[in-house]
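One structure is given here, and the rest of the page talks about it.
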Amino acid sequence: MTVESTAARTPRRSAGTKAGTTGAKRTAGTAGAAKKATGAKKATGAGKSTGKSAEPSLVQLLTPEGKRVKNAEFDPYVAGVTAEELRGLYRDMVLTRRFDAEATSLQRQGELGLWASLLGQEAAQIGSGRALRDDDYVFPTYREHGVAWCRGVDPTNLLGMFRGVNNGGWDPNGNNFHLYTIVIGSQALHATGYAMGITKDGADSAVIAYFGDGASSQGDVAEAFTFSAVYNAPVVFFCQNNQWAISEPTEKQSRVPLYQRAQGFGFPGVRVDGNDVLANLAVTQWALERARAGEGPTLVEAFTYRMGAHTTSDDPTRYRGDEERLAWEAKDPILRLRRYLESSGHADEGFFAELETESETLGRRVREAVRAMPDPDLFAIFENVYADGHALVDEERAQFAAYQASFADADGGK
């Protein structure tokens, strides 16, 4: 499957409209004025450490208690966000979390082979996802379910790969959302190459690449940083630092905060509160505006936390304590925005009750869709390995067939 150049396509309907929530064009509308008000040079200073022993500063617009805090550099990027759009952001996060929980349960019931949960990372994904324009292009990993939602990808289409019935259930050209990438870090290079291509096409769109803190140690990511800086590629590198690369903590990945790595490659880096949906919206809009204006790449480090397991094959209790998890649960991104909506009078109990009903409906639809999928072809793994076949693959196929035949059938056979 090929990916078409964004310059060759006509504009599509807003992805935010497809999902029934905040429109990307509406929230991004203030970005041009914000750029004039703050200036790119001023904004690039955000997130820098002020001293050897000081903690890196964090771009935050909503505290864990749901209090709005001022930020002269990034407030202009969310100044035009309406109460309706705030409710839309909340709805995005709630429904994404419900879908994610349903997928986890389906895996535990044997309906999926594996699932990578985003629990705790909803604000980073929804905030950045809603900052995108239709003609921007997304290169995800395998955990960007919230970004997929923002791009209008049906949640049920994400599940086929995890059930083993396809290699990706959507056309990336239809939503400017690439297929999930399992190889750690390789999508950073794909995004950089695509960004270099759209520059040659004369398009003014931008590219965003998602990856985790563990992927930041991959050589592919370092190469992507180099190429994007040298060729001034319009790409935003969005690192969701959820503190754990499977069982390895971030301090075993880097001697400096991750966003500071950008300095060595010659472009700005910013650390944002990954559990603050407004801050993620603002910072990503700023970075995308830099890219579209020809100012090159940006590294955004969304400082967040993976509240669940790395995948459903992982047991996080073996390498981290309950105290750490409980401390981060107090910073829950959904609860944070709910507190703000309630205290500011932007949402009432009727809104939350209606959303709960919608959440239940989504969960039911996901269950029905997965159970209607075919069982995976157990022997498909042996196909398309070699164009003309291979004796070793034939031997392995035969061994696997004998192994499958050794199980008792449903009618009580051998």
Side-chain angles (χ1 to χ4, degrees), residues 27-28 30-31 34-35 37-51 54-63 69-79 121 123-132 136 147 188 191-192 195 206-213 215-216 221 224-225 228-229 232-243 250 253-254 256-305 333:
T27 55
T30 60
K35 184 178 177 182
T38 59
K41 290 183 179 179
K42 182 179 181 183
T44 57
K48 290 184 179 179
S49 176
T50 57
E55 285 296 321
S57 58
L58 194 73
V59 178
Q60 184 182 84
L61 303 181
L62 276 181
T63 69
V69 292
K70 299 296 183 181
N71 185 300
E73 295 180 11
F74 291 102
D75 276 346
Y77 289 89
V78 292
Q121 299 177 221
Q125 295 194 15
I126 298 302
S128 61
R130 286 300 179 203
L132 294 162
D136 295 331
V147 185
T192 299
V207 178
I208 188 168
Y210 290 88
F211 58 92
D213 47 297
S216 69
V221 174
F225 286 178
S228 65
N232 210 46
V235 58
V236 175
F237 297 106
F238 195 92
C239 175
Q240 293 174 84
N241 178 3
N242 63 20
Q243 312 300 313
T250 307
Q253 297 285 330
S254 178
V256 299
L258 296 182
Y259 75 93
Q260 292 183 1
R261 288 184 173 184
Q263 298 176 20
F265 293 90
F267 57 88
V270 176
R271 174 179 277 190
V272 60
D273 184 340
N275 288 16
D276 176 354
V277 68
L278 278 183
N280 282 275
L281 177 65
V283 169
T284 308
Q285 282 189 0
W286 162 74
L288 290 167
E289 285 293 309
R290 287 193 72 255
R292 298 188 194 106
E295 297 177 25
T298 305
L299 172 60
V300 176
E301 178 194 357
F303 198 71
T304 182
Y305 191 73

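- Heavy-atom minimum distance, N232 versus G296: OD1-CA, 3.3 Å.
- The closest side-chain heavy-atom distance from T63 to V69 is below 4.5 Å.
- Tested against V59 for a side chain to side chain contact (heavy atoms under 4.5 Å, CB included), the candidates F74, F303, W286 yield a single pass: F74.
- A side chain to side chain contact (heavy atoms under 4.5 Å, CB included) with F238 is found for exactly one of L299, T298, I208, namely I208.
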- Message: What verdict does the side chain to side chain donor-acceptor pair (under 3.5 Å) test give for N242 and Q121, after you've listed the backbone C-alpha separation in whole Å, the side-chain angles of each residue and the deciding distance to 0.1 Å?
- Response: CA-CA 8 Å; N242 63 20; Q121 299 177 221; 2.9 Å; yes

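- Paired with L61 under the rule side chain to side chain contact (heavy atoms under 4.5 Å, CB included), one option of D276, L281, D273 passes, and it is D276.
- In this structure, the side chain of R292 does not engage the main chain of P234 through any donor-acceptor pair within 3.5 Å.
- Remark: the backbone N or O of Q243 is paired with a side-chain donor or acceptor of T250 at under 3.5 angstrom.
- Panel note: side chain R290, backbone P268; no donor-acceptor pair is recorded below 3.5 Å.
- Listed for the N241 side chain is no donor-acceptor partner under 3.5 Å among the backbone atoms of A302.
- Side-chain contact check for L58 versus V272: every heavy-atom pair is 4.5 Å or farther apart.
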- Tell me, with the steps shown, if Y77 and T284 meet side chain to side chain donor-acceptor pair (under 3.5 Å). CA-CA 9 Å; Y77 289 89; T284 308; over 6 Å; no

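- The minimum heavy-atom distance between A233 and A195, with the atom names listed, is CB-CB, 3.9 Å.
- Centroid-to-centroid, the aromatic rings of F267 and F225 come within less than 6.0 Å.
- Remark: the E301 side chain and the Q240 side chain contain no N/O donor-acceptor pair separated by less than 3.5 Å.
- Judged by distance alone, the side chains of R271 and S57 never bring a donor and an acceptor atom under 3.5 Å apart.
- Here CG of L258 is found 5.0 Å from SG of C239. Values are rounded to the nearest 0.5 Å.
- Side-chain atoms of T304 and N275 include a donor-acceptor pair closer than 3.5 Å.
- Note: S228 OG to F265 CZ = 8.5 Å, rounded to the nearest 0.5 Å.
- If you take CZ on R130 and CG on N280, they are separated by 14.0 Å, rounding to the nearest 0.5 Å.
- Every side chain to side chain donor-acceptor pair (under 3.5 Å) that D75 has, sequence neighbours left out, goes to R68.
- The side chain to side chain donor-acceptor pair (under 3.5 Å) search around D213 returns none, not counting sequence neighbours.
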